[in-house]
Amino acid sequence: MKAVITDYQYESIETERSIIEGAGFTLKDYQAKETKDLIPAVEDAQAVITQYADINAEVISHMKQARMIIKYGIGVNNIDCEAAAKKGIYVCNVPDYGVEEVSDHAVAMILALGKKLPILTEAFRNGDWGYGSVVPLYRLSECTVGLVGFGRIPQMAARKLKGFGMRILAYDPYASEQTAKEAGVVLTDMEQIIKESDFLSVHCPLTKDTRHIIGREEFRKMKSTAFVINTARGGIIDEAALIEALKEKEIAGAGIDVFEQEPAGPDNELLHLPNVIATPHSAWYSEVAITTLQRKVAEEVVNVLQGNRPFHCVNGL
């Protein structure tokens, strides 16, 4: 049986090769992202591993033998899950490889924005000795964090933020009241989170229901002193509306790790606003996270090709 990697950004895929070929299967790798290049690469594969390639309905329609498609990561928005389900193909992910890293990144952004460190640093570099550049600044223990989504990552972020004495709200229609209670988090609706949060941190998947769930209307309802943090997917926030809200001072700032168009180019306005911390979709990264992700992807491929159900299937099969 054959597995293929459509595309990857790692220095080496020897971990995957060792695990998959060690189990008696073959592995071929490509750097294919466009439909015309993907179709010949995947048409006779039983397992397809992908990172950023557009695994759309047309590509899936040419898969003659595929049992599974697995994403290097958590979000599967580059895979047409519905088309795969119609063909009986599992769509899998690795939901737990970078939970520590992404939650740390979100918390770090909240702390840096809350203390207005980028603004303070720039003012100091320009000769401003004092705190005038960051007025007003609020005590973190008197602030409210709103979490949009309450899965693994925001649950871990909540535990870390509780150490600062912050009040934490969460919106997630699928979340357990018991889990929230144990974490000291209040489950509520989007309306309350939008209006009451000093820090609004996005952690939900990007779906047709969550695309632009935070847009112009939501920004107008937020506190003018509030900050938005997104370490999930760019399309969840309407980027044009965010830029407008920042320029019009409808909100105080933002921490953005993900963008509607990736890679984001140097002309993206978010990279040039003084009240924005922008990072290049790197919240997930640590050396441990990379090795864990590559290993778990390969182990899932072997698991499915050996005739077992996937550990983590996301398209309802």
Side-chain angles (χ1 to χ4, degrees), residues 3-31 45-53 55 67-79 81 90-109 147 149-161 179 183 201-206 229-233 257-258 262-263 279-306 308-315:
V4 303
I5 301 176
T6 63
D7 63 301
Y8 61 96
Q9 64 176 12
Y10 312 116
E11 291 183 4
S12 168
I13 54 165
E14 286 310 303
T15 295
E16 294 94 317
R17 192 171 302 283
S18 174
I19 293 171
I20 292 170
E21 294 185 348
F25 308 114
T26 62
L27 176 65
K28 290 190 175 182
D29 63 279
Y30 303 87
Q31 287 295 357
Q46 284 76 38
V48 176
I49 303 167
T50 190
Q51 189 157 30
Y52 301 121
I55 310 298
R67 297 185 181 182
M68 70 178 301
I69 304 164
I70 184 166
K71 170 70 178 280
Y72 275 123
I74 300 174
V76 294
N77 48 291
N78 62 313
I79 303 170
C81 295
Y90 296 123
V91 175
C92 306
N93 68 350
V94 185
D96 54 357
Y97 77 98
V99 173
E100 284 275 7
E101 287 77 8
V102 179
S103 63
D104 284 347
H105 204 89
V107 170
M109 281 184 160
L147 303 172
F150 199 59
R152 290 177 175 87
I153 292 168
Q155 286 174 31
M156 186 166 286
R159 288 196 292 273
K160 294 168 182 175
L161 291 167
T179 300
S201 191
V202 175
H203 299 280
C204 60
L206 175 60
I229 297 89
N230 190 2
T231 54
R233 284 293 182 271
D257 184 58
V258 289
E262 294 188 351
T279 53
H281 202 149
S282 56
W284 62 272
Y285 168 70
S286 76
E287 289 299 299
V288 171
I290 284 181
T291 57
T292 300
L293 176 59
Q294 292 183 265
R295 173 179 57 81
K296 289 195 170 189
V297 162
E299 289 172 347
E300 181 73 288
V301 167
V302 170
N303 174 57
V304 172
L305 292 188
Q306 287 177 339
N308 303 308
R309 285 192 56 79
F311 301 125
H312 302 289
C313 179
V314 300
N315 66 332

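- There is no side-chain donor-acceptor pair under 3.5 Å between Y72 and Q294.
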*Quick one: do D96 and K296 satisfy side-chain contact (heavy atoms from CB on, under 4.5 Å)? Show the steps, please.*
CA-CA 10 Å; D96 54 357; K296 289 195 170 189; 3.0 Å; yes

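- Looking at R233 and P205, their side chains never come closer than 4.5 Å, going by heavy atoms from C-beta outward.
- One distance of note links CG of L147 with SG of C204; it measures 11.0 Å at 0.5 Å rounding.
- Counting all heavy atoms, side chain and backbone alike, Y97 lies closest to I74 at CE2-CG1, 3.9 Å.
- Pairing each heavy atom of E16 with each of A298, the nearest pair is CA-CB, 3.8 Å.
- Of all heavy-atom pairs spanning Q31 and Y8, the tightest one is NE2-O, 2.8 Å.
- Going from atom CG of L161 over to atom OG of S201 covers 8.0 Å, rounded to the nearest 0.5 Å.
- Contact annotation: the side chain of C81 approaches that of V76 to within less than 4.5 Å [non-hydrogen atoms, C-beta and beyond].
- Between S282 and H105, the shortest heavy-atom contact is OG-CE1, 4.4 Å.
- Taking CG from L305 and OG1 from T26, the interatomic distance works out to 9.0 Å, rounded to the nearest 0.5 Å.
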*Given side-chain contact (heavy atoms from CB on, under 4.5 Å), test H203 with F150 step by step and report yes or no.*
CA-CA 7 Å; H203 299 280; F150 199 59; over 6 Å; no

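- The shortest non-hydrogen separation linking V304 to M68 is CB-SD, 3.5 Å.
- For the residue pair K71 / T50, no side-chain donor-acceptor distance below 3.5 Å is found, with atom types taken as modelled.
- Electrostatic pairing of E299 and R295 counts as a salt bridge here, judged by a charged N lying under 4.0 Å from a carboxylate O.
- Proximity of a side-chain donor or acceptor of Q46 to a complementary backbone N or O of A3 within less than 3.5 Å is not detected.
- Other residues, nucleotides and ligands contribute more than 12 heavy atoms inside 6.0 Å of the CD atom of Q9.
- From R67, atom CZ reaches atom SG of C92 across 12.5 Å, with rounding to the nearest 0.5 Å.
- Between W284 and I290, some side-chain heavy-atom pair lies under the 4.5 Å cut-off.
- The shortest non-hydrogen separation linking L293 to G73 is CD1-N, 3.5 Å.
- Rounded to the nearest 0.5 angstrom, I69 CD1 and I79 CD1 are separated by 6.0 Å.
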*Take F25 and Q306 through the test side-chain contact (heavy atoms from CB on, under 4.5 Å) and record every step on the way to the result.*
CA-CA 10 Å; F25 308 114; Q306 287 177 339; 4.1 Å; yes

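- With 3.5 Å as the limit, one finds no donor-acceptor pair spanning the side chains of T279 and H281.
- Between Y52 and E262, the side chains place no donor N or O within less than 3.5 Å of an acceptor N or O (distance only, hydrogens not considered).
- N303 places no side-chain N or O within donor-acceptor distance of the main-chain N or O of N308, the cut-off being under 3.5 Å.
- Side chain of S18 to main chain of E14: no donor-acceptor pair is present (N/O by atom type, distance under 3.5 Å, no hydrogens or angles).
- Exactly one of I20, V297, I49 qualifies for a side-chain contact (heavy atoms from CB on, under 4.5 Å) with I5. That residue is I49.
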*asked:* Please evaluate residues D257 and T231 with respect to the criterion side-chain hydrogen bond (donor to acceptor under 3.5 Å, both in side chains), reporting the C-alpha separation (whole Å), side-chain torsions for both, the decisive distance (0.1 Å), and the verdict.
replied: CA-CA 5 Å; D257 184 58; T231 54; over 6 Å; no

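- Atom CZ of R17 is separated from atom CG of D29 by 5.0 Å, given to the nearest 0.5 angstrom.
- N315 contributes no side-chain N or O that, together with a main-chain N or O of Y90, makes up a donor-acceptor pair within less than 3.5 Å.
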